[in-house]
Amino acid sequence: APAPPLDLATVFEDSQLDLNEKRRGQYGQEWRRYLAWLDGRWPTLERSREYLAWLRDHKGDRPRGRRGRPPKAGRMPPNTLKFKRDVLRVWHRSQVEHLDFRIPRRSRLPAYFPWAELARVSEKARGEPQDYAVLLLLHRLGLRKSEPQTLYWSNIDLERKTARIIGKGDKEREVPLSSALLEALGRLPRNGDLVFPGLTQGRVYKLVKDYGKLVGRPELYPHAFRSSLTTYLLEKGVPQKVVQELLGHEEASTTQRYY
């Protein structure tokens, strides 16, 4: 059979995919890589599966065709492989075919950092009241990086030493405030309803990266506080149900992953 055209322009028009110009360029680039691998052969379902299987087992996006370069070691990340499969599916749908190819899920345990090591991160920020308070909330309560920015002064009960946290899907949970947290929050100026006005998830991420580097942990990221706290509490014998409620895990299975 003759080789297909070198681009998917006609196929895109028929596929009704809502792709912006950048995404179309990425699809076209991946399609050309596949054509180079085919080396003039027709893109059958069997060859598409062979191509994806090769990619699955070899890291890198230039698999060796008959005149290609040698393979690289390692496995391709699932999300990258899924994108490449999606590109090939555009072609096969135009041929009234379905490309079935299972993408392996990445099995990865949550990150864990020792409790004392994470304490050093927040201590480094003690001279900056807002930075210190944000990092302490991550460390002591395992807040998600989006949760400090939606903390209101009205949600803090100083008498009961608790705070209402607005989590995923606007679900609220009550968490205890230690004396260290109460002291840190007490050092903050009250400029409006929000405890941290102007705080963004990007700012939280940068805080963790910057202070992580100061203690020799440049790989640290916000969610690592959360996963590490979960592991720490479960190892200390805190009941799973208590940990689940503290962290705001909707499913018990989420908490169980950590221990």
Side-chain angles (χ1 to χ4, degrees), residues 1-112 144-146 167-169 201-202 205 219 221-224 226-227 230 249-259:
L6 289 178
D7 62 68
L8 283 178
T10 304
V11 176
F12 281 147
E13 290 174 7
D14 295 339
S15 68
Q16 298 181 342
L17 283 176
D18 184 18
L19 300 175
N20 58 34
E21 185 176 345
K22 180 180 178 181
R23 198 60 168 168
R24 280 176 177 260
Q26 292 170 338
Y27 267 57
Q29 185 180 44
E30 177 53 36
W31 178 245
R32 288 189 291 273
R33 285 175 181 153
Y34 180 43
L35 292 180
W37 180 84
L38 286 170
D39 199 16
R41 295 172 293 171
W42 186 261
T44 63
L45 282 170
E46 182 180 356
R47 285 173 184 149
S48 291
R49 293 190 192 103
E50 180 187 352
Y51 175 76
L52 292 170
W54 198 99
L55 290 173
R56 179 192 61 204
D57 298 329
H58 297 83
K59 190 175 182 180
D61 54 11
R62 292 185 177 90
R64 177 169 56 183
R66 279 178 271 181
R67 302 186 208 129
R69 61 179 63 184
K72 300 178 183 179
R75 294 176 69 87
M76 177 165 283
N79 286 345
T80 305
L81 187 59
K82 181 179 181 298
F83 164 70
K84 294 173 182 294
R85 182 190 65 184
D86 290 345
V87 173
L88 300 191
R89 278 182 169 175
V90 174
W91 163 256
H92 287 291
R93 279 198 297 268
S94 75
Q95 304 298 300
V96 198
E97 298 170 339
H98 175 66
L99 174 60
D100 56 335
F101 184 85
R102 183 177 175 274
I103 306 295
R105 294 186 64 183
R106 176 176 291 175
S107 177
R108 185 173 63 180
L109 291 176
Y112 173 76
R144 300 178 179 93
K145 68 177 181 291
S146 62
K168 280 185 177 180
Q201 293 187 47
Y205 184 85
E219 72 275 23
Y221 57 97
H223 203 80
R226 185 172 173 82
S227 56
T230 308
H249 289 155
E250 190 170 353
E251 302 292 337
S253 58
T254 305
T255 311
Q256 291 167 356
R257 291 176 58 219
Y258 295 83
Y259 189 61

| message | If I compare all heavy atoms of H92 with all of P43, which pair ends up nearest, and what's the gap? | response | CE1-O, 3.3 Å
| said: Less than 4.0 angstrom from a charged side-chain N to a carboxylate O is my criterion; do E30 and R33 meet it? | reply: yes
| task | Compare all side-chain heavy atoms of R102 with those of R56 and state whether any distance is below 4.5 angstrom. | result | no
| Between D86 and Y27, is any pair of side-chain heavy atoms under 4.5 Å apart? | yes
| field | Sidechain-backbone polar pair: W31 side chain, L88 backbone, donor-acceptor under 3.5 Å | value | no
| task | Measure up the Y34 and Y51 rings against each other and bin them: parallel (under 30°), tilted (30 to 60°), perpendicular (over 60°). | result | tilted
| note | Nearest heavy-atom contact between R89 and L99 is NE-O, 2.8 Å
| remark: Rounding to 0.5 Å, atoms CZ (R85) and OG1 (T80) come to a distance of 13.0 Å
| said: So which atom in R49 and which in H98 form the shortest heavy-atom distance, rounded to 0.1 Å? | reply: NH2-O, 4.3 Å
| field | salt bridge (charged side-chain N to carboxylate O under 4.0 Å, His left out) partners of R47, counting only residues at least two apart | value | none
| task | Determine, step by step, whether V87 and F83 satisfy the side chain to side chain contact (heavy atoms under 4.5 Å, CB included) criterion, reporting the C-alpha distance in whole Å, the side-chain angles of both residues, the deciding distance to 0.1 Å, and the verdict. | result | CA-CA 6 Å; V87 173; F83 164 70; 3.8 Å; yes
| request: Decide yes or no on side chain to side chain contact (heavy atoms under 4.5 Å, CB included) for K82 and F101, but give the supporting numbers first. | output: CA-CA 9 Å; K82 181 179 181 298; F101 184 85; over 6 Å; no
